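Notes for the one structure printed next.
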There are 2 protein chains.
Amino acid sequence: MAKAGEAVNDMAGAAPSEPRLRADAERNAEQIRRAAIDAFRGRGLTVPLEEVAKVAGVSKGTIFNRFSGRIGLIEAVIEEVVATELYAIIDRTRSIAEPGKQLRYYVTAIRDLQYRQPAVVDTVLQTYPDSKSLMAICRAGTEIHDELVAAGRACGALRSDFTADDLHVLLHDSALTLKHGTRPQRDDYDRRTTHLLDGIHAQQPTAAG
Amino acid sequence: MAKAGEAVNDMAGAAPSEPRLRADAERNAEQIRRAAIDAFRGRGLTVPLEEVAKVAGVSKGTIFNRFSGRIGLIEAVIEEVVATELYAIIDRTRSIAEPGKQLRYYVTAIRDLQYRQPAVVDTVLQTYPDSKSLMAICRAGTEIHDELVAAGRACGALRSDFTADDLHVLLHDSALTLKHGTRPQRDDYDRRTTHLLDGIHAQQPTAAG
DNA sequence: GGTAAACTGACCTTGCGAGTCAAATTGTGG
DNA sequence: CCACAATTTGACTCGCAAGGTCAGTTTACC
């Protein structure tokens, strides 16, 4: 199987071959891109475009001139912001031999990334369904979820009543609480990750007190 | 120990002894109360006051005249909307002999109530911190959380790294996902409740694949 | 320097519900 | 049945924040 999401970003929404840009426009586009990467990394994909503009040293209007708005800007930088890391996790997960460890690694890694990168939260929540690359990432997610759950069940490491949809919801809810809740301490967050994992692992007590 | 939250509602924000109300005002107050109970039950405490007014057959202004706004209205009906059920759960939980079963019952019951009653979600999320009765309910929650975790740990039914704060966060996150996410099917929701419970139960695999 | 490209930032827009208040209505006591 | 206070009404204002627009100005390029 090829690497995950190999071509998310062929000519994303920005500066294809079209009429050549003037030097200042070219320069601004690049500064906006850089600013966007920083801002999206630091504050998530929902950061006000005015912030991005300020960091880039241009005015809001210029972002619209160069990228026609947030979606275009996202397409132009999503690779650097989250896609690379996300797909790396997916690839690493697939490369794990024991199916039982795959899911454990995957959930831990995604939860970690969600904690560190607000943009991943926005991605998982599908905050901008109009962005094609964002949706492509989500599709890749759904795919591996199916795989992981199938493999986990088959090898008996995963409780049998746990579905791919449960996994999807688990990560989605995880994103929701980071988005709308109070950011927990890192160690609390990690401990809760293990609680979650243990809850979906096979061989449960379930009935007893 | 006395029953939980015995006197949340001594003269909540509405119609105390003050100057006697005119007949129509009295009637309206009662209709608004009834409408509010319905609306809060059906759509949560955040339902637009205009909806309540419509159901009550009065105009928005009248709600302000009679209850001085949402907070006053909440104080006036919170008992019927959520307090009674919530305190009943707390009492029933305390009456359970085996400490191991207490927490299991409690979490299941609260999750169930959150699912059925959007108003409980708003309560847990402390959407209206200015409402005294709402905050009283939250305090009662915190109290029993401490008790339950202490008891659960003591009897060995609860994993030792699970804190009262974890319990608090668990229910808070649960509320958040109901508030901001897509409402899951009832049976999916219940299954996930058992996953959660199994994750915080003692004797975990944790390390293995 | 002339011209088209590009930038700028003030301004308009959107959305929604809380809360207000002058004018209209209605209950009440006499 | 009236006078008048109590009450209701619903149109209006407010807040708030970000997205998006465009006339006017500046800048790159030949």
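Order of the sequence lines fixes the chain letters, A, B, ..., with proteins taken first and strands second; residue numbering starts at 1 for each chain. Just so it is clear, the structure is predicted and the values come from calculations on it, not from any experiment.
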- Message: What is the distance, to the nearest angstrom, from the CZ atom on A:Phe67 to the P atom on D:dG20?
- Response: 15 Å

- From OG1 (A:Thr194) to CG (A:Asp190), nearest 0.5 Å: 8.5 Å

- Nucleic acid contacts of residues 37-44 of chain B, taken as heavy-atom distances under 4.0 Å to DNA chain D: none

- Message: Taking ring-ring contact (aromatic ring centres under 6.0 Å, His included) as the cut-off, I'd like each qualifying pair that reaches into residues 109-142 of chain A, sequence neighbours left out, listed once.
- Response: A:Tyr115-A:Tyr189

Close N/O contacts between protein and nucleotides 23-27 of chain D (under 3.5 Å):
residue : atom : partner : partner atom : Å
D:dT27  : O2   : A:Arg22 : NH1          : 3.1
D:dT27  : O2   : A:Arg22 : NH2          : 3.3

- Item | Those residues that, when tested against B:Asp130, pass side-chain contact (heavy atoms from CB on, under 4.5 Å) (two or more places apart) | B:Ile71

- Ordered by number, residues from residues 46-65 of chain B within less than 4.0 Å of DNA chain D (heavy atoms) are B:Val58, B:Ser59, B:Gly61, B:Thr62, B:Asn65

- Whole Å only: how far is the CZ atom of A:Arg27 from the C1' atom of D:dC29? 13 Å

- Message: Please determine whether a side-chain nitrogen of the Lys or Arg among B:Arg183 and B:Asp188 lies less than 4.0 Å from a carboxylate oxygen of the Asp or Glu.
- Response: no

Check residues 40-57 of chain B and write down every donor-acceptor pair under 3.5 Å in which the side-chain atom is one partner and the other belongs to a residue at least two apart or another chain.
residue : atom : partner : partner atom : Å
B:Arg41 : NH2  : B:Glu80 : O            : 2.6
B:Arg43 : NH1  : B:Glu51 : OE1          : 2.5

- Task: Please name all residues satisfying side-chain hydrogen bond (donor to acceptor under 3.5 Å, both in side chains) with A:Thr62, sequence neighbours left out, ordered by chain then number.
- Result: none

- Query: Does A:Ala23 or A:Gly69 map to a spot on DNA chain D nearer the 5' end, using the closest nucleotide for each?
  - Reply: A:Gly69

- chain B reaches DNA chain C, atoms under 4.0 Å from its heavy atoms, from C:dG17 to C:dT28

- Query: What pairs with B:Asp166 under side-chain contact (heavy atoms from CB on, under 4.5 Å), at least two apart in sequence or on another chain?
  - Reply: A:Arg191, A:Arg192, A:His195, B:Phe162, B:Thr163

- Qualifying residues under salt bridge (Lys or Arg N to Asp or Glu O under 4.0 Å), relative to B:Arg111, sequence neighbours excluded: none

- Message: Once rounded to the nearest 0.5 Å, what's the spacing between atom CG of A:Asp173 and atom NE2 of A:His168?
- Response: 10.5 Å

- Query: How would you list all residue pairs meeting salt bridge (charged side-chain N to carboxylate O under 4.0 Å, His left out) that involve residues 115-128 of chain A, not counting sequence neighbours?
  - Reply: A:Glu85-A:Arg116, A:Asp112-A:Arg116, A:Asp122-A:Lys179

- Message: Go through it in stages, so that I can follow the logic: the residues are B:Arg34 and B:Glu30, the test is salt bridge (Lys or Arg N to Asp or Glu O under 4.0 Å), and I'd like the CA-CA distance, side-chain angles, deciding distance and then a yes or no.
- Response: CA-CA 6 Å; B:Arg34 266 200 274 272; B:Glu30 187 48 32; 3.4 Å; yes

- Task: Begin with the C-alpha distance, continue with both residues' side-chain angles, and end with the deciding distance and a verdict on side chain to side chain contact (heavy atoms under 4.5 Å, CB included) for A:Val81 and A:Thr123.
- Result: CA-CA 11 Å; A:Val81 176; A:Thr123 303; over 6 Å; no

- Message: So, using side-chain contact (heavy atoms from CB on, under 4.5 Å) as the criterion, who are the partners of A:Asp24 when residues are at least two apart?
- Response: A:Arg22, A:Arg27

